[in-house]
Structures are given as C-alpha cells and as structure tokens.
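Throughout, protein chains are lettered first and strands after them, A, B, ... in sequence-line order, and every chain is numbered starting at 1.
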There are 2 protein chains.
Amino acid sequence: MGRNRTKSGKIRLAEVAELAGVSPITASRFFRNPEALSVAKRTRVESAARELGYVPNLAARALASQRTEVIGVLIPSLTNNVFSDVLRGIYDASENSRYSIQLSNTRYSVLQEEKLLRLFLAQKPAGLIVTGIDQTTESRAMLDAADCPIVQIMEIGPNPVDMMIGFSHYEAARAAIAHLFAQGHRKIGFVGARMDPRVQRRLDGYVSAMKDAGLFEQRLVVTTATPTSVTLGGALFTDLLAREPGMDAVFCANDDLALGVLFECRRREIAIPEQIAIVGFNDLEFMASAVPTLTSVRTNRYEMGNTAATMLIDAIDGRRPEHPVLDLGFKVIERQSSSPRRADNRPAVSGAGAANKMVALPSGHD
Amino acid sequence: MGRNRTKSGKIRLAEVAELAGVSPITASRFFRNPEALSVAKRTRVESAARELGYVPNLAARALASQRTEVIGVLIPSLTNNVFSDVLRGIYDASENSRYSIQLSNTRYSVLQEEKLLRLFLAQKPAGLIVTGIDQTTESRAMLDAADCPIVQIMEIGPNPVDMMIGFSHYEAARAAIAHLFAQGHRKIGFVGARMDPRVQRRLDGYVSAMKDAGLFEQRLVVTTATPTSVTLGGALFTDLLAREPGMDAVFCANDDLALGVLFECRRREIAIPEQIAIVGFNDLEFMASAVPTLTSVRTNRYEMGNTAATMLIDAIDGRRPEHPVLDLGFKVIERQSSSPRRADNRPAVSGAGAANKMVALPSGHD
DNA sequence: AGGAACGTTGACAGCGCTACCAGCACAGAC
DNA sequence: GTCTGTGCTGGTAGCGCTGTCAACGTTCCT
C-alpha cells in the first residue's frame, strides 16, 4: 500500500544554465545577486528557470555556502494568545524574504531554552529570535558567541545580546496602577498566573507603585505558577476577595485572568466598576467587547514580531538598524471597568458614554 | 559593530570516526541505524561523538541522502485559537522525533496553499500535514504525486490523499441543533464568520437539521466573510435580532462569536437562556467559565494535531497505521446557556444547578 | 597609446554526508 | 575441506550548489 519514492526527476541548476547558454556559476549568481549579471544573461537565465520550473535545492546551497536561510525562533508557549500575535508578525515579515522560520517551544523552561539554543546554533541559522532577557549564563555565552544576528523580543532591558525589541513590563504595570489611582482606587489587588519573568516584572511594577503611594500590602497579591486561564482568573479573584473583602480594584497580569474576574464578579453580583474596578494586560480583542468593557494595557504584539523579524532580516543582509534597541511602549486603554470612582466612595453612575480613552507612554526604562 | 562570522571550527563525522577508530561510514551508520554496528564499535563511536560534542550537519545529510527530516505543515491561520491547539499537538509529537516542523500559513487561500505546496514539495519533505479536504485540483494532483506520507487534518471526508484525521463538522452542527431542539427551542438562528469550508459545512449541518424539522428560514442565517472576533459576534447577533426578533436560540459557528453574543445579550438585557439560548463551537476554555456558562461542541484539537503528527512520523518510518482515516468525533457539552426551555414558553428558572452534561458522538459520516 | 580599473564570466574544488557495492571473517551445511 | 550465507565494515563516488580566484573585454584615465 506504500507511496513509492519516485526517482528524482528534478531539474538542477546546471540544466537551467545549459538552456540559458551560460555557465552554472552564472546561473547561480542570478539567484543570489541578479544585479551582477548583464541584462541579457539575466533575462535568459530567468526565462530558462521559469520554463523548466527550477526550484533551488536548499540543502545543497546550505552545504556549499556554509550557512542556512533559516531563522530560529524560540518562544515559551504556543498556547498563549500573546505569542500567536507575535508569531503572526514574524511569519508575515519572513514571507517575502528568502528566509524560513524554524520555531521551537521552550515551555517557559530556561534549561529547555539552553538545549534548543545549542541545537539551533549547531545548524548555523541565519538569525535568531529569542524571547526575553532571562537566559542562563550558558545560553548567554552561546548567544554572545553566535555568528549571526540575534533579536531579543517581548521586553527591553540592559545588556542586549545584539538587538532588542519590546517594552517595559515594569513601567506598563506602574502606568496601570497610576491609572487606577487617578480614578480614585486605593485598595488594589494583584492577580497573576504562570509568573514567568515578564509577569514577575509586572508584579514588581505593581508593588513599587503601591509602595510609592504607601498602599502596599502583601495580602493584596495572589499569584500561582499554574498556567493562565479564564477560569483561573475567577479562582484567584475568589482567593483575593477572601483575604481582603474591602478591595476596590484588581490589576490582572493578563486579559484572560481579567475576563475570569469579570465573570466571577457577575456570579457574585459585584458591580463593576462601582464596587470593584478591573484592569487587564495586553488588550486582547474581547476586552473592548465585554460588558462592561474592560480596561487594559495595550501592547503591540504583532508589530513586535513583525519588526523583530524585519530588523533581523535587514541585519542578516548587512543593513544593521540605527537603533538596535527598540521600545515599542504601551497604552493604557481606559474603559468602563475602571471608570472614575466617586469621591464619596458611593457607586458612580455607569460610565457607558465615552469611547475608549487612551494614555500612551513609552516604556521609559533606565 | 558587526558580529563577525568566525571560521567554522565544527567537528565533522570524520573526526568522530577517527577518534573512535572506525571508518566514517561506520560512524555514519551509528547515527542512522545503531543496531547494524557491533556493540564494541557502537560504544566507541558513541563516546567519541559525545566527547567531541558532535552535531550532524543536516544540510550535508539532506544533500547526500536526497531527503530531509522536515515535516511541512500547512494551516490557514495563525491567529485562530483552534489552530494553536492543533499546532501544539503537532509540535509536541515532533519533539521526541528526529523530524522538525516547517510551518506555513495559507491565510485561508487555496491558491496560496497551492503555491506553498509546490514550494514544500520541491524540498522533498519527509511528510506533510495539510488542513482540510478542499484543495484545488492542481494541489490535489501534487499531493497524489508526492512521494511522502501525508495527513489531512481538521475534518474527514471521502477520498483521502493518504491519511486523514478529524471529524464531521456537518454532523457536529446537526448534533448541536438536535440538542437545542431537545431543549425546546425552535426558532434557532445561525451566526457564522469567515465561512471557510469547515464553517460552511457547519452551516450545511444547521440547514439540514432545520429543514428536517421543517423550521428552516433563510433569514435565520447571518454570515460574513470577515474574520471572526468577539466583537463581530455581537454585531452579527444584532443583525440577526433585527431580522427575527422572535428568535429563541443562536447557534454560533465558533466560541468567539458565542462570547460576543453573550455580551450583546447582556448589553440588551436579554436573559440567557430564558429568552435566548446560545450554543458555540469548539469548547474553548472560557466557555465553562462564562456567566452563564456556555454550551459548546467540544472538538479534540490537541489530540488531532498530536495524533496526526504521530501517525505521520510512524508512516515515514515505515509503520503505516491500521486505520488511515481517523474520526475523532465531538461532544456537545451542555451548559447553562442552553438549559431546557419550559414547554409553555415562559422563562424557565435559571438552571444553575447541574454541572456539565455531555453528549458524545462519533461523527458518523458516510 | 598604455595602463589601470571595472564589470562580467567561468573553471575548479570542495562543503559533510550517505548510497552503493565490494570485501572480509566467521558459522553452518554438505 | 569447500561452499554458501550472514553480519559487519570500508572504499568510492557523488548529492547540487557556491567560494575563490583567474581571465576576459571594455572603458576611462593620464
């Protein structure tokens, strides 16, 4: 019942060259640097290739040229909505280039990342995109020694390996809390899941903002190592409420958790934002559609992936970017779930009127 | 500022062979078929490879052996939650094999699919995973002529190219409608976005079920080619409501739309399920957490991807599956949003009591 | 006019690995 | 003792392409 392997009837570069009446090497050049050919030969090779339906053998090319046209991408999760947006940006940018994407999943493990990095580097990728700035010493050493351009994505920080694109999760969290302060909230809880380095930094931002205001209390923070989900948001919020019934706002480390909190409030008949305000993180599409609409911190995920891949490809092709570290910033998108609290602390009128208000900020990290 | 290309200090198979005191070809065999070596040489090569940190050059291997260890995967969307689950399954299955995944996005275009297929096939992949059964004639011809195992995923139908794994979207939709009938609903609307072939077949299932009951009306169907989103769910539902205010249930072609409908009902103060019942499709995680909890048709996405990749790898390695066509079925997960309607058609008591009830069915296609 | 400089082309020699086939040693059969 | 079969090993010859360098013709400069 087998699908038999047919004899390779493939046309090679030599065939194309013969039909075009040039040497193989000239034909080869046509595919790598057409400008180097005279117009006459260029058109001859082009039409010969088209006529024969020539497709280059990438393995042979890689072997002869000692480099591949593969961009390695290391991300911590395939499930997470956030990464699917980033990935889409990366794939879109790669689509019109000659580079192909090799994706691997570290599952939020730095050791797995180290292993995959070793694997990738051994194949001499044209470039590398890695997530975050928390590599192991060993990984960092490999990255520093790598002979290809590298982009770190998702956040920015000191000591880039090479290029870097992202924003400050710390400042984004601070901005979210500042927004809640401005709306009159004081007892603000924090809900976080997975607690990967970036969520941790959002927590750090929350803590510092609360401390600055003299309002920090450890019992306002509920976190878990469990992967995030909507259901988990409800569960964590339930915990939080049990610890601190007087809470007047919740900052959720991501939007799934925020949606879970929204549903849990509905279940408990807690009015949003009159009794409790909610702010999420990432501004996924559903946030604008929920009832009430949910405030969130917008991050430019597609743009991040797209720009990362574009910068990387440019760097591979010898056009290094002016600014190797790019801060994409964030925006606090103010919606109904965090409408102003009345000064007398009684329920405010449901603020359904105005559309989304935005507060845009660069990450402004040091 | 450049990151300079260092001289390739890589260790080759020949070095390993020399250290082990065997010929290169014997060392080569060690990596492909260790059983063919005597135990003595096997251990010698193994330790030599470890000592030198040898990593095979895949390009050279591919060139010499005339085949790659790449599995091509063609999916229509990277954004869609549904595919991220399938992909995770595929990546997980590939992780412990020697095959790597090459992913490409057809963006729901069969022409793009055709182009990508041509590209993939030219590189002689070890295997191929393609989405759906609606390839162009040209694509179909290429697949039939391909000399590698192929799995079609997401749905099942007649004339598999090779292997096939999925379920019947048609039957799944019919089961959803049957469930609504059983709960006493009659005027059931359909809301669909994107309208790719699988959504189309869900619509077909809906139409046939409604016609069987003598209840079909064209104005109960609202669809759009626009990509799906929660917000769109609300908008389409609004349309539907304007056309047919007397509607008592909505079947949504996916869960995002269902969530949008839920929010829109809340906005309009329409009671669920008393005034309108909602059924979604796919059973994403948030469906169980929403208020009210949302009925949906569970599909086994992770398992689909995982099994597809496993079957494919087995087939590549010469172990063809007993059943090349696998129906993974579906389950109608009954939740609050479609609780029984009272016979007298007045609002029923909110059915918050019981947990999820399930109705499991094989796709039962012909 | 002579030479340098440039743009364009081609010959050669591998890149690191494996397919194929030959050869060797040893066991068992006759 | 010879023959055949089996298990293991090695030699040879590429896979299809590109890096390097040399060579050619033409133009421009002095």
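Residue A/Ser23 places at least one side-chain N or O closer than 4.0 Å to OP1 or OP2 of C/dG10. For D/dG19, the OP1/OP2 oxygens have no side-chain nitrogen or oxygen of A/Arg61 closer than 4.0 Å. Distances shorter than 4.0 Å separate none of the side-chain N or O atoms of B/Gln66 from OP1 or OP2 on D/dG14. Taking 4.0 angstrom as the limit, A/Tyr54 places a side-chain polar atom (N or O) nearer than this to OP1 or OP2 of D/dC17.
D/dC17 atom P lies 14 Å from atom CD of A/Glu18, rounded to whole Å. For the pair B/Asn57 CG and D/dT18 P, the interatomic distance rounds to 15 Å; values are reported in whole Å. Here the P atom of nucleotide D/dG7 and the CG atom of B/Leu37 are 14 Å apart, to the nearest Å. Taking atom CG of B/Leu63 as the reference point, atom P of D/dG16 lies 7 Å away to the nearest angstrom. Between the CG atom of B/Leu13 and the P atom of D/dC15 there is a distance of 20 Å, given to the nearest Å. Distance CZ (A/Arg12) to C1' (D/dT18): 15 Å, rounded to an integer number of Å. When the C1' atom of D/dT18 is taken as reference, atom CG of A/Leu58 falls 14 Å away, rounded to whole Å.
Of the possible donor and acceptor atoms, one in the side chain of B/Thr68 sits under 3.5 Å from a partner among the backbone N and O of B/Lys124. The backbone N or O of B/Val22 lies less than 3.5 Å from no partner atom in the side chain of B/Thr26, so there is not a single donor-acceptor pair. In this structure a side-chain-to-backbone donor-acceptor pair under 3.5 Å is present from A/Asn300 to A/Leu328. When atom types are taken as modelled, the side chain of B/Thr106 and the backbone of B/Gln112 share no donor-acceptor pair closer than 3.5 angstrom.
Rounding to the nearest 0.5 Å gives a distance of 5.0 Å between CE of A/Met142 and CD of A/Glu138.
Between B/Ser65 and B/Ala36, the residue anchored closer to the 5' end of DNA chain D is B/Ala36, taking for each the nucleotide with the nearest heavy atom. Mapping B/Ala60 and B/Gly21 onto DNA chain D via the closest heavy atom, the residue that lands nearer the 5' end is B/Gly21.
At least one side-chain heavy atom of A/Leu117 sits under 4.5 Å from a side-chain heavy atom of A/Leu74.
The side chain of B/Ser38 approaches D/dC8 more closely than any other nucleotide in the set C/dC17, C/dA19, D/dC8. For A/Arg67, whose side chain is taken as the heavy atoms from C-beta onward, the closest listed nucleotide among D/dC17, D/dG19, C/dA19 is D/dG19.
Using a cutoff of 4.0 Å between basic side-chain nitrogens and carboxylate oxygens, B/Glu46 and B/Arg42 are not scored as salt-bridged.
A heavy atom lying under 4.0 Å from DNA chain C marks the following residues of residues 24-35 of chain B, by number: B/Ile25, B/Ser28, B/Arg32.
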